[in-house]
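Just below is one structure, and these are the notes that go with it.
Heavy-atom basis, side chains included; hydrogens, waters and symmetry copies ignored.
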Amino acid sequence: MTENDRIKLEPSWKQHVGDWFAQPEMQSLSTFLRERKAAGARIYPPGPQIFSAFQATPFEAVKVVMLGQDPYHGPGQAHGLCFSVRPGVPVPPSLLNIYKEIQADLGIAPPDHGCLLPWAHQGVLLLNAVLTVEDGRAGAHQRKGWEGFTDHVIQTLSREREGLVFLLWGAYAQAKGKVIDTRRHRVLRAPHPSPLSAHRGFLGCGHFSAANRYLQERGKAGIDWRLPSRAALPADPLLDA
């Protein structure tokens with residue numbers, strides 16, 4: 001059995017980017033994660049949810065890419081989608097500002113939860129640059145190998161798909177997005193939605209309506225940015241871990 005055979009990645013993604021797991025940096029990352037777990041580190045999200053962004057949004061289904069940095073590092077928050085938290089977990093400040101911008105842009109009232117799986121199932125790839133973190137230690141798994149893999153994901157989407165929207169908020173996401181072919185895709189840039197920077201241009205950016213206009217101009221359905229109430233969220237196996 002090859003390393004690629006062992007990776008639990010959604011089949012379409014495995015076909016397009018699974019070869020990257022044979023890279024030495026990914027072998028080193030695998031060793032690092034095993035060692036940290038053996039040392040008693042609490043790693044988020046839970047193992048079955050590390051690749052949930054890919055499971056929720058197959059390669060050919062991607063319409064929009066929203067790029068985050070690393071998972072939330074509090075207990076019960078991270079579940080594999082950037083900016084998203086499990087139902088019942090308090091909505092983090094950056095996501096509150098995302099909801100505030102959606103309301104200003106599209107008139108959609110904020111939901112009573114922070115679970116973004118309904119967006120993912122419509123084609124919004126909610127991709128963090130780093131896919132794991134440790135309890136209470138923001139950025140603990142940066143520069144361990146994940147960045148090369150997620151760069152490969154972005155480059156592959158840029159090269160093999162056409163007419164995608166990339167939402168790059170903040171300097172980190174914008175630097176990571178330099179590999180995107182802007183002749184083939186729409187790249188929307190703004191400050192990060194964090195309370196520290198949202199007032200510098202994220203609030204008022206109009207990215208959600210702009211993304212839908214671009215998709216619709218190319219004959220694709222836009223994203224319904226409304227989210228059901230927590231009580232109306234459908235059961236989803238991607239939340240079972």
[Y] backbone acceptor or donor facing [X] side chain under 3.5 Å:
X    : Y    : value
Q23  : E25  : no
S194 : S94  : no
R184 : G163 : no
S158 : I154 : no
H185 : L164 : yes
Q77  : V89  : no
R186 : A211 : no
E147 : V130 : no
S197 : P193 : no

What class does the angle between the rings of [X] and [Y] fall in, given that below 30° is parallel, 30 to 60° is tilted and above 60° is perpendicular?
X    : Y    : result
H152 : W20  : parallel
F83  : H192 : tilted
F59  : H16  : parallel
F149 : F21  : tilted

Non-hydrogen atoms of [X] and [Y] that approach each other most closely:
X    : Y    : result
L126 : A120 : CD1-CB, 4.1 Å
Y99  : C115 : OH-N, 4.4 Å
A138 : V133 : CA-CG2, 4.2 Å
G201 : P191 : C-CD, 3.6 Å
P75  : Y44  : CA-OH, 3.5 Å

Using a 4.5 Å cut-off on heavy atoms from C-beta on, say whether the side chain of [Y] contacts that of [X].
X    : Y    : result
H121 : T57  : no
L239 : H79  : yes
W13  : L125 : yes
P45  : S52  : no
V17  : T156 : yes
V64  : L215 : yes
R161 : E60  : yes
F202 : I98  : yes

Quiz item: side chain to side chain contact (heavy atoms under 4.5 Å, CB included) between L168 and V187: does it pass, once the steps are laid out?
Solution: CA-CA 7 Å; L168 305 183; V187 177; 3.5 Å; yes
Quiz item: Using 4.0 Å as the upper bound for N to carboxylate O, is an ion pair formed by E162 and R218?
Solution: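 The answer is no: the pair does not qualify as a salt bridge.
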Quiz item: Is the shortest distance from a Lys or Arg side-chain nitrogen in D151 or K176 to a carboxylate oxygen in the other one below 4.0 Å?
Solution: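 Counted as a salt bridge, because a side-chain N and a carboxylate O are separated by less than 4.0 Å.
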Rounded to the nearest 0.5 Å, what separation is found between the [atom1] atom of [X] and the [atom2] atom of [Y]?
X    : Y    : atom1 : atom2 : value
W146 : L29  : CH2   : CG    : 5.0 Å
Q142 : K144 : CD    : NZ    : 10.5 Å
Q122 : L116 : CD    : CG    : 11.5 Å
M66  : S84  : CE    : OG    : 10.0 Å
R137 : I43  : CZ    : CD1   : 10.0 Å
R230 : L233 : CZ    : CG    : 9.0 Å

Quiz item: What about H141 and F32, are their ring centers closer than 6.0 Å?
Solution: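 For H141 and F32, the ring centres are under 6.0 Å apart.
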Exercise. Go through the steps to decide whether V124 and W225 satisfy the test side chain to side chain contact (heavy atoms under 4.5 Å, CB included), and finish with yes or no.
Key: CA-CA 10 Å; V124 183; W225 297 106; 4.1 Å; yes
Self-check item: Candidate pair S229 and D112, rule side chain to side chain contact (heavy atoms under 4.5 Å, CB included), full reasoning
Solution: CA-CA 6 Å; S229 68; D112 59 351; 4.0 Å; yes
Self-check item: CZ/R226: more than 12 non-hydrogen atoms of other groups inside 6.0 Å
Solution: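 Incorrect, the count does not exceed 12.
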Self-check item: NZ (K220) with more than 12 external heavy atoms under 6.0 Å
Solution: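 Yes, the 6.0 Å shell around NZ holds more than 12 heavy atoms from other groups.
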Exercise. Give the intermediate values and the outcome of salt bridge (Lys or Arg N to Asp or Glu O under 4.0 Å) for residues E134 and R36.
Key: CA-CA 9 Å; E134 292 181 20; R36 293 302 300 144; 2.8 Å; yes
Self-check item: Pair S209, D105: side-chain N/O donor-acceptor within cut-off below 3.5 Å
Solution: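 Yes, D105 and S209 have a side-chain donor paired with an acceptor closer than 3.5 Å.
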Quiz item: Only one of H207, Q174, Q69 clears side-chain hydrogen bond (donor to acceptor under 3.5 Å, both in side chains) with W169; which?
Solution: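 That would be H207; it is the only one of H207, Q174, Q69 passing the side-chain hydrogen bond (donor to acceptor under 3.5 Å, both in side chains) with W169.
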Practice problem: Just do the side chain to side chain contact (heavy atoms under 4.5 Å, CB included) check on F208 and I223 with the steps written out, would you? | Solution: CA-CA 8 Å; F208 300 95; I223 304 299; over 6 Å; no
Exercise. Identify whether L196 and L96 are in the same connected component of the hydrophobic contact network (ILVMFWY, side-chain heavy atoms under 4.5 Å).
Key: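 No: no chain of side-chain contacts under 4.5 Å links L196 to L96.
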